[in-house]
Amino acid sequence: MEEQIKNKAYDPKSVEERWYEFWLENDCFKPPDSADGGSFSIVIPPPNVTGSLHMGHALNVTLQDILARWKRMSGKKVLWLPGTDHAGIATQNVVERQLASEGIDRHSMGRKAFIARVWEWKQRYGGHIIHQLKKMGASCDWSRERFTLDEGLSTAVRKVFVGLFEEGLIYRALRLINWCPRCFTALSDLEVEHEEAQGRLTFIRYPIVGDGSFVTVATTRPETMLGDTAVAVNPDDPRYANFIGKMVRLPLTNRLIPIVADREVDMQFGTGAVKVTPSHDFNDEAIARRQSPNLPFVTVIGEDGRMTAASGKRYAGLDRYECRKVLVSDLKDDQLLEKDIPHNHAIGHCYRCKTVIEPLPTTQWYVKVESLAGPAIEAVRSGKIKIVPEGWKNNYFSWMENIRDWCISRQIWWGHQIPAWYCPRCTGMDGKPQGANIFIALTKKLNGLKEGSYLDLRAAGATHESITSYIKYVKVDINVKPLSGIEDVTACPECGNLEILRDPDVLDTWFSSALWPFSTLGWPENTGDLKDFYPTSVLVTGFDILFFWVARMIMMGLKFMKDVPFGNVYIHALVRDEKGQKMSKSKGNVIDPLIMIEKYGTDAFRFSLAAFAAQGRDVRFSEDRVEGYRHFINKFWNASRFINLNISKYGSLIAPDTTMEQLGRDLVYAAGQNSRVTGQDSPVAGQNSIDSGQNALAATQDSLNLFDRWILSRLSYTSTEIERCFDEYRFNDAANAIYHFIWHEFCDWYIELSKTSLEKEDPYTLKCLLYVFDNAMKLLHPFMPFVTEELWQSYAHETKTIMLVPYPHPGLGDDDAEKRMQYIIDVISSIRSIRGELNVSPSKPLHAMIKTMSTDAETNLRANCSYIINLAHLESLRIGAKVEKPKGSATAVTAEMEVFVPLSGLFDVKAELERLSKELRKLNEVIDMVNKKLMNEDFRDKAPKNVLEKEKAKFEELVSKKDRILSNVNKLRELESDDTQSDDPDTQHLDPCNPKS
RNA sequence: AGGCGCGUAGCUCAGUGGUUAGAGCGCUACCUUGACACGGUAGAGGUCAGGGGUUCGAUGCCCCUCGUGCCUACCA
């Protein structure tokens, strides 16, 4: 406590690490063995092992931590399960880059050694982000941390793969896929980012065989013409009706290709004739498959993005873009280039490396999603899964309803290797021995061969063992039949062959992520965690992975757990910079969360994120606001200093060594004795409900002072509000509610008022201060775990951490106290306003008189006049129905009273007249408006009665107020013409607060 | 091209079919008052994008326009 009193400012650095260690040592993040309130679980969206904390993570983690801490304090058995995913492509890229700097490539070191190297990297650097999550204060149960390549999770992956495979929901297919020529792997549709770019539309003449005329086609990718196998026109296009069935000579090659008809050809676009390159365009592939017989596929671009041998001698080996230039110039030379005009279109890029993707025909593994999507759609439609904010539901549906099969194989090494094997000895679907259809490249020559079919290599004398140990890559033709099983397949079930080969591909990282909500809880084992925590309560994530991850988790959860993976999905915004731009390294507008923490402390940073997390809106992050919330923490810190100072001063009012818990019980006990507070419910005991409601306080009106009652009522209201906000994931509203309560109610008013009653040694005020502050710390804790723990520990408590203390529950309000308090606030504010606007020095004590218009107002003001005197800095105050306005006073008019402040001598009549007429102006505007409404017959007839009544009452009040101001104005006018501004004797001998005077 | 969202104070954003539309930051004036200058008090500042419509009543609901952002899409 002494420590705290010394420091006028909160210093987060000296605090945060200490308490995080403390929580860990005391196992505060682990779910208790039992809890009455049921369980609450969240699995973290696993960040990439390669990742380091960015704003998105920071927001994501903050929101989850708020929920976890809130639910924990609310008595739930909370599990927040952390972990990372292995991020196949990204991680492999990182390590390959590292290797490249050492002059090594992964193929030369071999698969085994490479994977060992990645693990090494992972152990060394992979924990980085976990460390950063801890800095954020994340209350994850670290003892349950998981990694998607863990043994347990790999078992789950294996089981799911085999299950789906055996059911025919996983299959291999040869078709066009998105290929990244830099990452050297297939990508799923989702992993391709489309970006609008300025390109060119090239019009090329294809000579028609026989008649010397041309058909002109338009293309954005001229280099693919080398792989054209047809030209397509719409069968209804009269321009080309006679062309269908004719042959054209493909320029720059000697190939003849047909002109075919296809309904999908858009007659409006380009020339209405389209070149068809089935190997390099999804659309063309579809045309090719619609033709009968199917059009042939000629692949002219290879996996490395260079032209293949099939493109002809002149172009083979050229980069695809280089080839484009050469080819266009060649066409020009041949007079076959009609025109080449600028053209905007969308181009797909690899989401990992931004390289332009190349559609290529390859054999890949797919998940047939249609049957999985149905139930997943239904789960959301039926409300079994609630998506918040609701707007995202539509996105979810529209994607799910048009979902396409999911390509899950990746041609990389880091990941779950596909559990599929091939027997080279068995006969394949094309009638050949399968070994002839398995192509293998080796890292070194074996018996004179560096590559060839498995059969070729064996025929040359290489053993199965030597082949498998020197594999560089393997390509398994679509005609080869895969074998799969929970256990590794070591012998061909058909022919008993022991010399079989494993599929080299690994699974898409999202395949394992899709199982995350149950694989992390121990599935396929039947664990206690699964029973306790599945389905999880809520998934907190960004919308950017709604399809990648959320949708797939729902499908997999329903399929393998027969239940949804989570009840709620809270989708939060993207964090942008203050200009609304997406943060990205290339733009250089990235704000590093760790720098924010360093500068302002974790609590201020977390609170900022929560306060800006309005639903359905992006977060525009600006550092100024973080600073603002650091000020808020400081305010809170100093409120605590104030309380501690007063404990030192007035501690004798409470028993020595009283804990906060005891204090609460005492408050109730005393209440029972002298009827300060009635009721069975203690404000702090029991469920910790804040019972300041009518029941509890009915008998206290004469004993607890107005302000104690008022602040208890505000606390109660705030708790109610916060609980409602949390329930609806309105984090920003919750943050604002607590901010407003602490700063503008507790500090601005209650602390100021308490100074007066503490001077009178009112023990209840001290107790209320402590009690309300104690609850404020609890309310704030989920947002600001560190400072609240630090402060909480400086008070005597019976429990060891604020983390596990019951969260304040909503209670009843005290309307009577709120209404009375409003009078006091109005009076004090109006006097302050007079002071401020008439430029009266704050240090000058004033006299004031209040003419009351009801006995209720009068009693209320009299009971609290010492507070008014202190807060408005008065020398004297007279209250009564008969108070007359002294000459030369400034006035303020409120609903039930008039306030006069005699200001002879330091009084600028003009300024006061100005002030009053400004108020009159405003008032007149409103009166006009209300009057218009009331004069409207339709309004009187059709508006609901209560609204009508309200308007009438409002009108009366406004008019009365106006009259009173007017009369004050008139008196001032008289004064203005009166030169003798002598001191008013009335103000001289005022007896402060004496009702009789 | 389709879908979704946004446009409210100088800035960032809340908000609601019916009180004089709010907050934070910023701004202005005054104040070093014993919790806090990372503070206090008092102020200034808004045709709620524009135009129609529904309604007794619209910033809120509907339509259109303009501006802006995002997602989805095989127009070569």
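In what follows, chains carry the letters A, B, and so on, assigned in the order in which the sequence lines appear, proteins first and then strands, with residues in each chain numbered from 1.
With a 6.0 Å radius and a threshold of 12 heavy atoms from other residues, nucleotides or ligands, Glu193(A) has its CD atom above the threshold.
In this structure, G10(B) and C25(B) make a Watson-Crick or G-U wobble pair, each of the two defining distances being under 3.5 angstrom. U65(B) is paired with A49(B) under the criterion used here, namely a Watson-Crick or G-U wobble arrangement in which both key atom distances are under 3.5 Å.
Atoms CZ (Phe607(A)) and P (U12(B)) sit 21 Å apart, rounded to a whole Å. The distance between atom CG of Asp624(A) and atom C1' of C25(B), rounded to the nearest whole Å, is 7 Å. Spacing between atom CG of Asp733(A) and atom C1' of C13(B) amounts to 11 Å, rounded to whole angstrom units. As rounded to whole Å, 11 Å separates atom P of A58(B) from atom NZ of Lys932(A). Going from atom CG of Asn178(A) over to atom C1' of C74(B) covers 11 Å, rounded to whole Å. Atom CZ in Phe955(A) sits roughly 15 Å away from atom C1' in U20(B) (whole-Å rounding).
Taking 4.0 Å as the cut-off between side-chain N and carboxylate O, Glu721(A) and Arg724(A) count as a salt-bridged pair. Salt-bridge check for Lys954(A) with Glu957(A): failed, with every basic side-chain N at 4.0 Å or more from each acidic carboxylate O. Remark: Lys755(A) does not engage Glu759(A) in a salt bridge, criterion side-chain N to carboxylate O under 4.0 Å. Under the 4.0 Å criterion applied to side-chain N and carboxylate O atoms, Lys599(A) and Glu627(A) are not assigned as salt-bridge partners.
Phe543(A) and Trp392(A) have parallel rings, their planes meeting at less than 30° on a 0 to 90° scale where 60° marks the start of perpendicular.
The stretch residues 264-272 of chain A touches RNA chain B through Val265(A), Asp266(A), Phe269(A), Gly272(A), each having a heavy atom within less than 4.0 Å of the strand.
Aromatic ring centroids of Phe632(A) and Phe783(A) lie 6.0 Å or more apart.
When each of C56(B), A76(B), U20(B) is scored by its nearest atom to the side-chain atoms of Asn936(A), the top-ranked nucleotide is C56(B). With distances taken from any side-chain atom of Leu958(A) to the nucleotides C56(B), U20(B), U72(B), the minimum falls on U20(B).
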Which nucleotides of nucleotides 34-43 of chain B have their base under 4.0 Å from a protein heavy atom (B), which only their sugar-phosphate (S), and which neither (-), written as one string 5' to 3'?
-BB-BSSSSS

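Residue Lys933(A) has no polar side-chain atom (N or O) positioned under 4.0 Å from OP1 or OP2 of C56(B). A sub-4.0 Å separation between OP1 or OP2 of A76(B) and a side-chain N or O of Arg200(A) is absent. Taking 4.0 angstrom as the limit, His194(A) places none of its side-chain polar atoms (N or O) nearer than this to OP1 or OP2 of C71(B).
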Begin from the C-alpha positions of Asp236(A) and Arg263(A) and carry the test salt bridge (Lys or Arg N to Asp or Glu O under 4.0 Å) through to its verdict.
CA-CA 8 Å; Asp236(A) 297 332; Arg263(A) 300 229 157 261; 3.1 Å; yes

Full working for side chain to side chain contact (heavy atoms under 4.5 Å, CB included) between His873(A) and Arg832(A)
CA-CA 9 Å; His873(A) 196 204; Arg832(A) 283 171 173 173; over 6 Å; no

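Comparing G69(B) with G26(B), their P atoms sit 29 Å apart, to the nearest whole Å. Of the P atoms belonging to A35(B) and A9(B), the separation is 38 Å, rounded to the nearest Å. On the P atoms, C30(B) is 23 Å away from C36(B), given to the nearest whole Å. Separating the C1' atom of C70(B) from that of U28(B) is a span of 40 Å, rounded to the nearest Å.
Note: Leu331(A) CG to Thr202(A) OG1 = 8.5 Å, rounded to the nearest 0.5 Å.
Note on Tyr629(A): nothing from the nucleic acid sits closer than 4.0 angstrom, heavy atoms only.
Summary of the strand contacts: Lys961(A) and Ala273(A) both lie near RNA chain B, and taking for each the nucleotide with the nearest heavy atom, the more 5' one is attributed to Lys961(A).
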